[in-house]
Novice: 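Questions regarding the structure given below will be posed in turn.
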Amino acid sequence: TDRFTFPFSANRVIEVAEGKRIDHEILLAVNKLIRRELWKESGFQFPKGRYYEDLATIPKVMTKTKKIVYLPEVYYYYLMRDGSIITAENFEKNYEDRTWAVDQLLNTFERENLIETYRNELEYLVFENTYFVPSKEIVLNEGKSEYLKKFRDYAYNKFPQMNKNYYVQQIAGKDKILLKLLQYRMYGMMVLMSQLRRMKTDWQQSAGGNVSGTGSVVVPVYKVEQYLERCVKSICEQTYQELEIILVNDGSPDRFGEMCEELAQKDNRIQVLHKQNGGLSDARNAGVKTATGKYLLFVDSDDYIAERSG
């Protein structure tokens, strides 16, 4: 499904004051070109040893921005493999790390006296990331689970009136139906609706855009032998060639380090950074420190970018 197209004002500079929704609705790292200097100045890093590191980090970084530009043109298609961490079915770990990320985020906003400034956006973030999305994942993968109640209790404990949130009221019609079905626990109907939506998925490719300047693509690598070459090849073959591709070998066993070096020999835009294992976030942070490009882009090594999409 298309996770990255939004009804925002396009191709113009958006001041943070009017772009608060953008700050807190687009939480993934992989759909952004982030100025490296901004990242360094923010002082934030991805948390080590946690899933949903984007949820814990990106909103904080975005609040440090002064201006945002939303580009609706498709520069690349980011594809996630089946079984990717972002869709993992380990709901115990899912619950632990989603709620940890939100707790850390809310604590940061409270320390910086930003809770009231971003109350609507934070309330929607909690609704989306600790209730609506994980509940749909549970229903579609397990049908029922004790974590349906745990997520629901957590979210409503944080924001008891979140159903009345402005952004919740603005969700798409199909999602409003899914939300009603979830609230009335009509899980079978949710599964049917999801199947119909997947049947209608339509990838549309287009070219164009005006991004200029070198991009640093940070790719953490750990135990992904069957996916690594496909991932790197998909980046190298993009139409946009001004790329610095940083493969961060996160202490992978066996010959993963050699694989990275072999890939680097085939394309002089690839550089390899070897480090002790510290997890995805630690590898991303190490890649950011090494990067020299004007923009940062994050790609996980078990995913890939559609052929010639950027």
Side-chain angles (χ1 to χ4, degrees), residues 28-34 36 39-40 44-58 61 75-88 90 93-94 97 101 214-238 240-293 295-310:
L28 295 176
V30 300
N31 66 335
K32 296 174 180 63
L33 292 175
I34 302 172
R36 184 169 56 87
W39 191 281
K40 290 173 60 179
F44 296 122
Q45 292 190 341
F46 292 107
K48 298 180 183 180
R50 295 282 183 176
Y51 293 168
Y52 306 103
E53 61 282 342
D54 293 0
L55 175 60
T57 308
I58 295 302
V61 174
Y75 290 96
Y76 58 91
Y77 288 100
Y78 189 95
L79 307 178
M80 291 179 287
R81 68 177 176 85
D82 291 338
S84 177
I85 287 175
I86 199 170
T87 57
N90 181 349
K93 177 69 171 173
N94 188 316
D97 284 355
T214 304
S216 294
V217 186
V218 179
V219 185
V221 177
Y222 185 74
K223 289 185 178 182
V224 287
E225 183 174 4
Q226 66 270 46
Y227 306 113
L228 179 59
E229 186 171 358
R230 179 186 66 176
C231 174
V232 175
K233 182 180 178 182
S234 77
I235 299 170
C236 292
E237 292 183 348
Q238 296 304 304
Y240 189 81
Q241 293 290 301
E242 294 183 52
L243 298 176
E244 171 189 56
I245 304 167
I246 304 171
L247 303 182
V248 185
N249 174 26
D250 190 34
S252 294
D254 303 323
R255 61 179 300 273
F256 286 98
E258 295 178 17
M259 287 182 62
C260 292
E261 296 293 348
E262 291 171 1
L263 290 168
Q265 291 178 11
K266 297 177 182 179
D267 193 315
N268 60 15
R269 295 174 298 169
I270 300 175
Q271 59 176 294
V272 182
L273 175 63
H274 299 280
K275 60 179 288 296
Q276 292 184 343
N277 179 251
L280 174 66
S281 293
D282 194 44
R284 280 183 173 182
N285 294 333
V288 169
K289 291 180 181 178
T290 302
T292 61
Y295 300 100
L296 294 172
L297 177 66
F298 301 96
V299 177
D300 292 340
S301 51
D302 56 350
D303 298 327
Y304 62 101
I305 300 175
E307 183 179 358
R308 305 185 74 83
S309 60

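These numbers come from the heavy atoms of this one structure, side chains and all, not from hydrogens, waters or symmetry mates. Just so you know, residue 1 is the first one in the sequence shown, and it goes up from there.
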Novice: Ile246 and Ala291: which non-hydrogen atoms are nearest, and at how many Å?
Specialist: CD1-CA, 3.6 Å

Novice: From Lys266 NZ over to Glu229 CD, what is the distance, rounded to the nearest 0.5 angstrom?
Specialist: 5.0 Å

Novice: Could you measure the distance from the NZ atom of Lys289 to the CH2 atom of Trp39? Nearest 0.5 Å is fine.
Specialist: 12.5 Å

Novice: How far apart are the C-alpha atoms of Phe298 and Val288, what are their side-chain angles, what is the distance that settles it, and do they pass the side-chain contact (heavy atoms from CB on, under 4.5 Å) test?
Specialist: CA-CA 9 Å; Phe298 301 96; Val288 169; 3.8 Å; yes

Novice: For the pair Arg230 (side chain) and Tyr304 (backbone), establish whether a donor and an acceptor sit closer than 3.5 Å, ignoring hydrogens and angles.
Specialist: no

Novice: Taking side-chain contact (heavy atoms from CB on, under 4.5 Å) as the test, write out the residues that go with Val299, two or more places apart.
Specialist: Tyr78, Val217, Val219, Cys231, Ile235, Leu297, Ile305

Novice: With rounding to the nearest 0.5 Å, note down the distance linking OG1 in Thr214 to CZ in Arg269.
Specialist: 11.0 Å

Novice: Taking all non-hydrogen atoms of both residues, which atom of Ile58 and which atom of Leu28 are closest, and how far apart?
Specialist: CG1-C, 4.3 Å

Novice: For Gln241 and Cys236, work out which heavy atoms get closest and say how close.
Specialist: NE2-O, 3.6 Å

Novice: How long is the span from the CG atom in Leu243 to the OG atom in Ser216, to the nearest 0.5 Å?
Specialist: 9.0 Å

Novice: For Asp97, check side-chain contact (heavy atoms from CB on, under 4.5 Å) against everything at least two apart and list the hits.
Specialist: Arg50, Tyr51, Tyr52, Lys93

Novice: Do you know the tightest heavy-atom contact between Val221 and Cys260?
Specialist: CG1-SG, 4.0 Å

Novice: To the nearest 0.5 Å, tell me how far Leu296 CG sits from Lys32 NZ.
Specialist: 12.5 Å

Novice: Which heavy-atom pair separates Phe256 from Asn249 by the least distance, and what is that distance?
Specialist: CB-OD1, 4.5 Å

Novice: Do Gln271 and Thr290 have side-chain atoms, one donor and one acceptor, less than 3.5 Å apart?
Specialist: no

Novice: Heavy-atom count check: over 12 atoms from other residues, nucleotides or ligands less than 6.0 Å from Gln226 CD?
Specialist: yes

Novice: Check Arg284, Lys275, Lys48 against Asp250 for a salt bridge (charged side-chain N to carboxylate O under 4.0 Å, His left out) and give me the one that passes.
Specialist: Lys275

Novice: For Glu261, check side-chain hydrogen bond (donor to acceptor under 3.5 Å, both in side chains) against everything at least two apart and list the hits.
Specialist: His274

Novice: Between Tyr227 and Asp300, does the side-chain contact (heavy atoms from CB on, under 4.5 Å) criterion hold? Intermediate values first, please.
Specialist: CA-CA 10 Å; Tyr227 306 113; Asp300 292 340; over 6 Å; no

Novice: For the backbone of Ser281 and the side chain of Asn285, can you confirm whether one donor and one acceptor N or O come within less than 3.5 Å of each other?
Specialist: yes

Novice: Identify the two heavy atoms, one from Ala264 and one from Val272, that lie closest to each other, and give their separation to 0.1 Å.
Specialist: CB-CG2, 3.9 Å

Novice: Nearest 0.5 angstrom please: Leu280 CG to Phe46 CZ, how far?
Specialist: 8.0 Å

Novice: Go through the steps for Leu263 and Leu228 under the test side-chain contact (heavy atoms from CB on, under 4.5 Å), then give the verdict.
Specialist: CA-CA 10 Å; Leu263 290 168; Leu228 179 59; 3.9 Å; yes

